[in-house]
Novice: 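So that we are looking at the same thing, I have put the structure below in structure tokens.
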Amino acid sequence: MKHVAIALTLMLSATPALSDCPAPEAMKEAAQAWLSGGTLPDPGVTSADDAACAYTAYRQALSDALGAPVGVKVGFTSPAAQQAFGVPGPVAGALFAPMLLPDSAEISLTGSRMPLYEADLIVTVGDSAIMQATTRAEAAAALSDLRPFIELPDVALEQGLKPDGLSMRAYGVMPWRGAMGAPLAMSDLPDPVADLAALTVDLKVDGETVGSATGDSLLGHPLDVVLWLVQQGGFDLAPGSVISLGSLGKLYPAQPGHRIAADYEVGGRTMSVSLTLVP
């Protein structure tokens with residue numbers, strides 16, 4: 001019944017007589033439902049501006065519970081992810097500290113709704129000049145390091161609702177959990193722009209390869225994801241904040257009892273990260 005009430009509030013708040021942006025109270029209720037392991041109702045938005053307005057209230061409610069954001073997740077940056085969910089282009093949302101776990105973490109799927117796993121890549125902002133970057137070289141120069149990352153997004157929409165660009169934007173692309181490996185300094189790469197384009201990753205489950213990808217699967221180049229985010233605005237990319245760049249390859253259903261690992265090669269260096277899924 002609570003989900004029905006939230007959905008009704010969202011629909012009523014989206015009537016043309018008032019505004020197409022859902023009421024902040026409705027988005028706060030949706031965030032509280034998500035935090036308690038519930039699903040998210042249709043936000044009832046019909047434009048990108050309304051979805052962005054809805055997300056402002058939703059993100060604030062998450063910040064009240066989880067602390068200030070520590071970075072940004074950019075989703076749907078690969079053709080595989082876009083095709084899987086019918087989302088036409090990238091979507092971004094805040095990352096919070098409880099979502100980012102260390103290498104080799106055991107991650108419980110308790111409280112998840114439709115958890116998936118994917119090989120991802122995280123970069124760390126090293127210089128506020130990132131906000132003025134317009135080229136790949138400028139973006140690379142403003143980043144301090146990169147980290148291997150296995151992300152566990154959770155598509156938490158109510159049963160029967162299909163994700164689309166507007167709902168994913170209203171709910172900030174729905175990051176949930178993930179494990180980060182040790183950082184590799186950008187200065188350790190001989191040619192960061194070329195090396196990131198040629199990056200490779202091998203994703204494994206219980207030691208068996210299930211997928212592989214290269215850096216150009218991320219909007220054509222990992223640094224183009226950073227430039228896209230800068231151009232969008234709306235996020236504070238202060239030094240120390242992290243950016244998750246999206247799916248390197250396909251997404252897979254997450255089930256307990258498996259060890260997920262990802263091995264990367266970039267600029268003649270190797271990186272790795274793993275996690276174990278438990279009930």
Side-chain angles (χ1 to χ4, degrees), residues 34-40 62 65-67 69-78 80-81 84-85 93-124 145-157 163 172-184 199-215 217-218 222 242-266 269-279:
W34 182 86
L35 288 164
S36 64
T39 53
L40 296 167
L62 293 185
L66 302 176
V70 296
V72 182
K73 162 67 181 178
V74 185
F76 307 107
T77 54
S78 70
F85 292 94
L95 283 172
F96 298 89
M99 298 176 175
L100 303 176
L101 302 174
D103 186 20
S104 302
E106 285 193 353
I107 299 181
S108 172
L109 295 178
T110 299
S112 62
R113 287 121 301 202
M114 195 182 96
L116 306 165
Y117 67 86
E118 65 184 20
D120 201 319
L121 185 69
I122 276 182
V123 292
T124 306
D145 60 51
L146 61 153
R147 293 172 179 261
F149 184 46
I150 298 174
E151 194 201 356
L152 299 175
D154 185 12
V155 182
L157 294 173
V173 78
M174 293 185 244
W176 183 62
R177 298 284 188 274
M180 294 191 301
L184 173 63
L199 173 146
T200 64
V201 61
D202 185 29
L203 183 64
K204 299 177 180 179
V205 177
D206 299 328
E208 298 291 331
T209 296
V210 295
S212 60
T214 55
S217 64
L218 299 172
V242 298
I243 306 170
S244 166
L245 302 182
S247 306
L248 283 159
K250 295 181 180 180
L251 293 90
Y252 302 87
Q255 298 177 339
H258 297 290
R259 181 178 181 271
I260 315 299
D263 298 320
Y264 299 69
E265 291 189 7
V266 55
R269 304 298 185 97
T270 60
M271 307 186 297
S272 63
V273 62
S274 68
L275 59 84
T276 300
L277 301 174
V278 298

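Numbering of residues begins at 1 and proceeds along the displayed sequence. Computation of the quantities below employed the complete heavy-atom set of this structure, encompassing side-chain atoms and omitting hydrogens, waters and symmetry-equivalent molecules.
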Novice: Got Leu275 and Tyr117 here, is their nearest side-chain heavy-atom distance under 4.5 Å?
Specialist: no
Novice: Taking the side chain from Asp120 and the backbone from Ile150, do they hold a donor-acceptor pair closer than 3.5 Å?
Specialist: no
Novice: Ala213 and Gly249: which non-hydrogen atoms are nearest, and at how many Å?
Specialist: CB-N, 3.7 Å
Novice: Indicate yes or no for a side-chain donor-acceptor contact from Ser108 to the backbone of Pro279 under 3.5 Å, with no hydrogens or angles considered.
Specialist: yes
Novice: Any luck finding a side-chain donor-acceptor pair between Ser112 and Asp154 under 3.5 Å?
Specialist: no
Novice: What are the two closest heavy atoms between Ala182 and Pro148, and how far apart are they?
Specialist: O-CD, 3.4 Å
Novice: Determine yes or no for a side-chain-to-main-chain donor-acceptor pair under 3.5 angstrom, with Arg147 supplying the side chain and Gly181 the backbone.
Specialist: yes
Novice: Rounded to the nearest 0.5 Å, how far does CG of Leu199 lie from CG of Leu218?
Specialist: 8.0 Å
Novice: Measure the CG-CE distance between Asp145 and Met271 for me, rounded to the nearest 0.5 Å.
Specialist: 10.0 Å
Novice: Among Val278, Ile107, Leu109, which residue meets the side chain to side chain contact (heavy atoms under 4.5 Å, CB included) test with Pro256?
Specialist: Leu109
Novice: Hey, what do you get for CD (Glu151) to NZ (Lys73), rounding to the nearest 0.5 Å?
Specialist: 3.5 Å
Novice: Under 3.5 Å, is there a donor-acceptor pair between the side chain of Arg113 and the main chain of Val155?
Specialist: no
Novice: Could you pull out the closest heavy-atom pair between Gly75 and Val173, with the gap in Å?
Specialist: CA-CG2, 3.8 Å
Novice: With side-chain contact (heavy atoms from CB on, under 4.5 Å) as the criterion, how do Phe85 and Leu251 come out once you've worked through the C-alpha distance, each side chain's angles and the decisive distance to 0.1 Å?
Specialist: CA-CA 10 Å; Phe85 292 94; Leu251 293 90; 4.3 Å; yes
Novice: Verify, without hydrogens or angle tests, whether Thr77 (side chain) and Leu245 (backbone) share a donor-acceptor contact under 3.5 angstrom.
Specialist: yes
Novice: Stepwise, does the side-chain contact (heavy atoms from CB on, under 4.5 Å) test hold for Leu157 with Leu40?
Specialist: CA-CA 5 Å; Leu157 294 173; Leu40 296 167; 4.3 Å; yes
Novice: Can you give me the closest heavy-atom contact between Trp176 and Gly111, atom names plus distance?
Specialist: CZ2-C, 4.5 Å
Novice: Might you point out which heavy atoms bring Ala156 and Met174 nearest each other, and give the distance in Å?
Specialist: N-SD, 3.4 Å
Novice: Are the side chain of Tyr264 and the backbone N or O of Val273 linked by a donor-acceptor pair below 3.5 Å?
Specialist: no
Novice: To the nearest 0.5 Å, what is the distance between CG on Leu277 and CZ on Arg259?
Specialist: 11.0 Å
Novice: Using the rule given for side-chain contact (heavy atoms from CB on, under 4.5 Å), can you reason through Asp103 versus Ser274, listing the C-alpha separation, both sets of side-chain angles and the distance that settles it, and then say yes or no?
Specialist: CA-CA 6 Å; Asp103 186 20; Ser274 68; 3.7 Å; yes
Novice: Show, in sequence, the C-alpha distance, side-chain angles and deciding distance for Ile260 and Val210, and conclude whether the side-chain contact (heavy atoms from CB on, under 4.5 Å) test is met.
Specialist: CA-CA 10 Å; Ile260 315 299; Val210 295; over 6 Å; no
Novice: Of all heavy-atom pairs between Pro175 and Ala94, which one has the smallest distance, and what is that distance?
Specialist: CG-O, 3.7 Å
Novice: How far does CE of Met180 sit from CG of Leu121, to the nearest 0.5 angstrom?
Specialist: 12.0 Å
Novice: Kindly compute the distance separating OG1 (Thr39) from CE (Met114), expressed to the nearest 0.5 Å.
Specialist: 12.5 Å
